[in-house]
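Keep in mind the model is a prediction, meaning the values are calculated, not measured. FYI, the numbering just counts along the sequence from 1.
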Amino acid sequence: MNKPFAQKMHEQDVEFWKTWLRDTSPINVQQGLNDILAHNNPPSVLKEMQIRHLGSKLKENILFAMPSIRNKDGFEKLEDIIKVDNIITLTSNFNTPGMLGYTIKSRPQFFKLIHQDLSYFPIALLKAHTEITGEKLILDDLSEIREFYERCTKFDLWTGHEFCAYLSHCNPEALDFISEHPEALDYISDDSKNRNFRLDKLEILLPKRFSRIFLWPDLYEKNLPLVKAAILGGGFELIHIDRDNWVQSTLKPQNGLEWAKKKGIDYHPVFDEYLLTLHTETAISSAYTTPYLEMMREVIRELEISRENQGKKEAIAAVFEKKLVDHKATPSSQKLADAMATLVRLPESQQGRAKYKG
């Protein structure tokens, strides 16, 4: 049976990114980001703005992580070498100073590092990374990307404009600001002349409250006809339809996202965690439990463990060790206590960037 054209293209994209990830040719952070961001052919000014911002975020995150994860798995900086999972990932470059000049030694680890701050990247790259490394990359709690999309999903309804913006990795308020300031569109234009001058002007014009990460107006314009056709053509259930001003029509986020998934639109995968996962996972009967599950619930309540308060694994393990003795459910075991302490914490807590209370 012949495969659909779209499926063939996606598989070819995955193979392309596998080759890119396995390539050991030396490139610097600037070139690595350029390769990743170039897949959608954005205007050069916007791409350069993203690269500058990502370089700053990368430096900021590494400096932030250094004190808390030294000698642990995760990020580590020793002299001018940056490691991820104890694998040399970046090395400083004397000829090209600054974070963007660092040389990438491991492309898979570089993507793992930078994806925390990438609002838009090829989904085929994420799949290629998973197939090569066996890792499922998860945004940690301090990721600006997670915070933005989590905030989006807290709204009960989206307008058509908001829906198209979120699918396009954009802040709708930033798009509104650009549309109200025609000079911004002139700065964004893909004219090769005076690019740095126009970029500096755009940076001055855009208010600081708008993150440079969520700014892809070209992608918004690309998705706009699809979203408009779906809203006016009944592609999914609407709460309110305004045919005179369709962008003000309203929909439930889950309905819109299910449609976008079927259409193969590359929205950020973290949306699935908040809007689709709960509706696709098989429910476990609430009547079934075990002594270990009850013990973990007890500890979560007693220590007030949450996404914002992860606590230290050693302290949690000590509580479990005492409870195992008190409950006499099984012979006391340090390994079992450690395992239970791991299971009540988020996976990203192992990377040294979790939040602690107090």
| Going through the checks in order, is the ring pair (Phe, Tyr, Trp, His ring centres under 6.0 Å) test met by Phe110 and His129? | CA-CA 11 Å; Phe110 171 69; His129 185 276; over 10 Å; no

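One N or O on the side chain of Gln50 and one on the backbone of Ile213 form a donor-acceptor pair closer than 3.5 Å. Arg198 places no side-chain N or O within 3.5 Å of a backbone atom of Ile188 that could act as its donor or acceptor partner. One N or O on the side chain of Arg212 and one on the backbone of Phe210 form a donor-acceptor pair closer than 3.5 Å. At distances below 3.5 Å, not a single donor-acceptor pair connects side-chain atoms of Arg22 with backbone N or O atoms of Trp17. For Glu273 (side chain) and Ile138 (main-chain N/O), no donor-acceptor pair under 3.5 Å exists by modelled atom type. Side-chain atoms of Arg146 never come within 3.5 Å of backbone atoms of Asp141 as a donor-acceptor pair (strictly under, hydrogens ignored).
Under the salt bridge (Lys or Arg N to Asp or Glu O under 4.0 Å) criterion, the residue pairs touching residues 293-302 are Glu294-Arg297, Glu298-Lys323, Glu302-Lys323, with sequence neighbours excluded.
Using cut-offs of 30° and 60° for the angle between ring planes, the His115 and Phe121 rings count as perpendicular.
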Which pairs of donor and acceptor atoms, one on a side chain in residues 228-244, lie under 3.5 Å apart (sequence neighbours left out)?
{"from": "Asp242", "atom 1": "OD1", "to": "Asp244", "atom 2": "N", "distance (Å)": "3.1"}
{"from": "Asp242", "atom 1": "OD1", "to": "Asn245", "atom 2": "N", "distance (Å)": "3.0"}
{"from": "Arg243", "atom 1": "NH1", "to": "Leu232", "atom 2": "O", "distance (Å)": "3.4"}

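Residues meeting the side-chain hydrogen bond (donor to acceptor under 3.5 Å, both in side chains) test with Ser168, sequence neighbours left out: Asn223.
Taking the centre of each ring, Tyr149 and Phe271 come in below the 6.0 Å mark. Side-chain rings of Phe214 and Phe148 approach one another, their centers coming within less than 6.0 Å.
Taking every heavy atom of both residues into account, Pro253 and Asp156 meet most closely at CD-O, 3.1 Å.
Hydrophobic cluster membership is shared by Leu126 and Leu37, with clusters built from Ile, Leu, Val, Met, Phe, Trp and Tyr side chains linked at under 4.5 angstrom.
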